[in-house]
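Ligands are counted one by one from 1 in listed order, and the atoms in each one are counted from 1 as well. Worth knowing before you read on, the calculation uses all heavy atoms, side chains too, and leaves out hydrogens, waters and symmetry mates.
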Amino acid sequence: MIYLIGFMGSGKSTIASRLAEKLQCSCIEMDESIEKQEGLTIPEMFAQHGESYFREKERDFLRSLEGEAVVSTGGGVILSKENCEMMREGTVIYLHAGWETIVHRLKNDTSRPLWSGDESEKKQRFEDRLKLYKEAAHHVVVVDDKAPEVIAEEIAARLK
Ligand code: S3P
């Protein structure tokens with residue numbers, strides 16, 4: 001299993017589908033799969049049941065994975081040590097996007113409950129998580145100013 005991790009807006013879903021095509025394996029989008037299972041969108045889950053409920057579903061979903069696939073995770077998957085341990089049984093790739101890139105990409109985003117609050121709160125969340133992404137990863141790929149195809153190629157080369 002190959003897990004793509006990284007902050008919101010780092011391009012995990014786009015890269016995961018390109019990489020899965022290249023490797024000719026399936027692609028799993030965790031957030032989308034959890035939304036389907038629950039019959040709720042992520043903002044609805046957060047609003048109705050709270051973040052901890054979503055985190056439980058996220059952990060259960062990871063536990064249920066088997067076989068070979070490229071998995072696009074949610075940005076907060078690394079908040080749980082258990083999740084990190086599960087993912088490290090496969091290969092974990094951290095897509096590192098700099099703060100400016102994230103801000104630019106999520107400028108008009110209203111679909112992410114944790115992309116909220118003032119700028120300093122968001123930046124703090126980003127900075128607090130950097131260490132966790134790096135610790136969880138087998139490989140770090142910098143994504144700033146690179147096309148998805150180039151990034152997918154870079155990852156495929158590292159996996160050889
Ligand atoms: C989250 C990131 C989201 C989603 C949820 C929580 C986070 O996924 O799982 O809103 O804690 O960073 P993306 O990274 O795909 O935006």
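Every atom of ligand 1 is numbered from 1 in the order shown, and the set under 4.0 Å from a heavy atom of Leu114 is 11 (O). Of all the atoms in ligand 1, the ones that sit under 4.0 Å from a non-hydrogen atom of Pro113 are 10 (O).
Ranking the protein heavy atoms by distance from atom 7 (C) of ligand 1 puts Gly76 N, 3.3 Å first. Closest protein heavy atom to atom 3 (C) of ligand 1: Asp31 OD2, 3.5 Å. Protein heavy atom in closest approach to atom 2 (C) of ligand 1: Gly75 N, 3.4 Å. Among protein heavy atoms, atom 6 (C) of ligand 1 sits closest to Arg55 NH2, 3.9 Å. Of the protein's heavy atoms, Arg112 NE, 2.6 Å lies nearest to atom 16 (O) of ligand 1.
Put simply, CZ on Phe54 and CG on Leu114 are 8.5 Å apart, with the number rounded to the nearest 0.5 Å.
Hydrophobic clustering (ILVMFWY, side-chain heavy atoms < 4.5 Å, transitive): Leu95 and Val77 are in distinct clusters. If you chain together hydrophobic residues whose side chains sit under 4.5 Å apart, Phe46 and Leu40 fall into the same group.
Residue contacts with ligand 1 do not include Trp115, since none of its heavy atoms lies under 4.0 Å from the ligand. Contact between Arg129 and ligand 1 is present, with at least one heavy atom of the residue lying under 4.0 Å from the ligand.
Between Glu85 and Lys81 there is a salt bridge, since a side-chain N of the basic residue sits under 4.0 Å from a carboxylate O of the acidic one.
The aromatic rings of Phe126 and His96 lie tilted to each other, with the angle between the two planes from 30° to 60°.
Pairs of residues two or more places apart, or lying in two chains, that qualify as ring-ring contact (aromatic ring centres under 6.0 Å, His included) and include a residue from residues 127-160 are Tyr94-Tyr133.
Of the candidates Ile42, Ile5, Thr41, it is Ile42 that places a heavy atom closest to atom 5 (C) of ligand 1.
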Would you list the atom pairs, donor with acceptor, under 3.5 Å between side chains in residues 31-38 and any protein atom, with sequence neighbours excluded?
| residue | atom | partner | partner atom | Å |
| --- | --- | --- | --- | --- |
| Ser33 | OG | Glu29 | O | 2.7 |
| Glu35 | OE2 | Ile42 | N | 2.8 |
| Glu38 | OE1 | Tyr53 | OH | 2.4 |

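Here Lys12 has side-chain heavy atoms under 4.0 Å from ligand 1, and that is the only part of it that gets that close.
With Glu154 as the fixed residue, the salt bridge (Lys or Arg N to Asp or Glu O under 4.0 Å) test singles out one of Arg18, Lys160, Lys146, Lys22: Lys146.
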